[in-house]
Amino acid sequence: MNIFVAKLNYRTTSEELQKHFEQFGEVSSAKVIFDRETQRSKGYGFVEMPDDEAANSAISQLNESEFDGRTIVVKEARPKSESY
DNA sequence: GCTGAGCGA
């Protein structure tokens with residue numbers, strides 16, 4: 001399941017994000033979006049978890065929670081939308 | 001060096 005994480009601290013890295021989510025389950029890949037020019041953090045990232053139950057648990061526990069001193073927002077990334 | 005809604009190279 002792809003997870004969208006927003007309002008992250010600008011200093012938070014992908015490693016910290018992955019470690020934070022690994023506490024709830026397996027994390028296949030975690031990535032914080034950085035600006036390709038300045039390499040600065042955009043303040044949000046994506047976390048991919050193979051276990052849906054672990055992903056839901058992580059979302060429920062990490063959504064609107066404090067991380068690195070900031071209240072982050074964790075939601076499902078790119079809600080599956082069937083093409084019309 | 002910084003700010004704070006939003007969906008990625």
Side-chain angles (χ1 to χ4, degrees):
Chain A
M1 177 181 285
N2 292 30
I3 304 174
F4 174 70
V5 186
K7 297 181 66 175
L8 289 169
N9 192 314
Y10 292 145
R11 302 182 182 89
T12 306
T13 63
S14 303
E15 298 179 11
E16 295 177 294
L17 185 65
Q18 183 172 346
K19 287 177 175 290
H20 198 62
F21 276 77
E22 282 179 341
Q23 295 174 126
F24 296 89
E26 303 175 50
V27 177
S28 58
S29 65
K31 176 176 58 180
V32 177
I33 308 304
F34 293 89
D35 187 271
R36 68 175 186 83
E37 297 183 60
T38 62
Q39 297 297 316
R40 294 288 192 276
S41 176
K42 290 184 178 178
Y44 62 90
F46 293 89
V47 179
E48 187 176 356
M49 301 181 73
D51 292 334
D52 297 292
E53 53 184 331
N56 290 318
S57 298
I59 293 174
S60 300
Q61 295 296 324
L62 298 178
N63 185 33
E64 296 181 349
S65 65
E66 184 179 300
F67 178 56
D68 198 38
R70 299 296 178 181
T71 303
I72 63 177
V73 178
V74 184
K75 300 184 295 186
E76 182 180 355
R78 301 286 200 175
K80 43 183 172 302
S81 58
E82 299 177 11
S83 302
Y84 289 90

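Reckoned from all heavy atoms, side chains included, excluding hydrogens, waters and symmetry mates. Order of the sequence lines sets the chain letters (A, B, ...), proteins ahead of strands, with each chain counted from 1.
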Results of side chain to side chain donor-acceptor pair (under 3.5 Å) for S29(A) - residues two or more places apart only: E48(A)
Using links of under 4.5 Å between side-chain heavy atoms of ILVMFWY residues, direct or through other members, which residues join L17(A) in one cluster? M1(A), I3(A), V5(A), L8(A), F21(A), F24(A), V27(A), V32(A), F34(A), V47(A), M49(A), I59(A), L62(A), F67(A), I72(A), V74(A)
What pairs of residues pass the salt bridge (charged side-chain N to carboxylate O under 4.0 Å, His left out) test when at least one of them lies in residues 54-77 of chain A, not counting sequence neighbours? E76(A)-K80(A)
Under 3.5 Å donor-acceptor, Q61(A) side chain and A58(A) backbone: no
Could you tell me whether the side chain of D35(A) has a donor or acceptor atom within less than 3.5 Å of a complementary atom in the base of dG8(B)? no
Which ILVMFWY residues can you reach from I33(A) by hopping between side chains whose heavy atoms are under 4.5 Å apart? F4(A), Y44(A), F46(A)
OG (S28(A)) and CG (N2(A)) are apart, to the nearest 0.5 Å, by 8.0 Å
I need the full list of salt bridge (charged side-chain N to carboxylate O under 4.0 Å, His left out) pairs touching residues 12-41 of chain A, with sequence neighbours left out, sorted by first then second residue. none
Check: K7(A) and V73(A) side chains under 4.5 Å, non-hydrogen atoms: yes
In 5'-to-3' order, the base (B), backbone-only (S) or no-contact (-) status of each nucleotide in nucleotides 2-7 of chain B, using a 4.0 angstrom heavy-atom cut-off, is SBBBBB
Selection: residues 48-66 of chain A, any non-hydrogen atom under 4.0 Å of DNA chain B: none
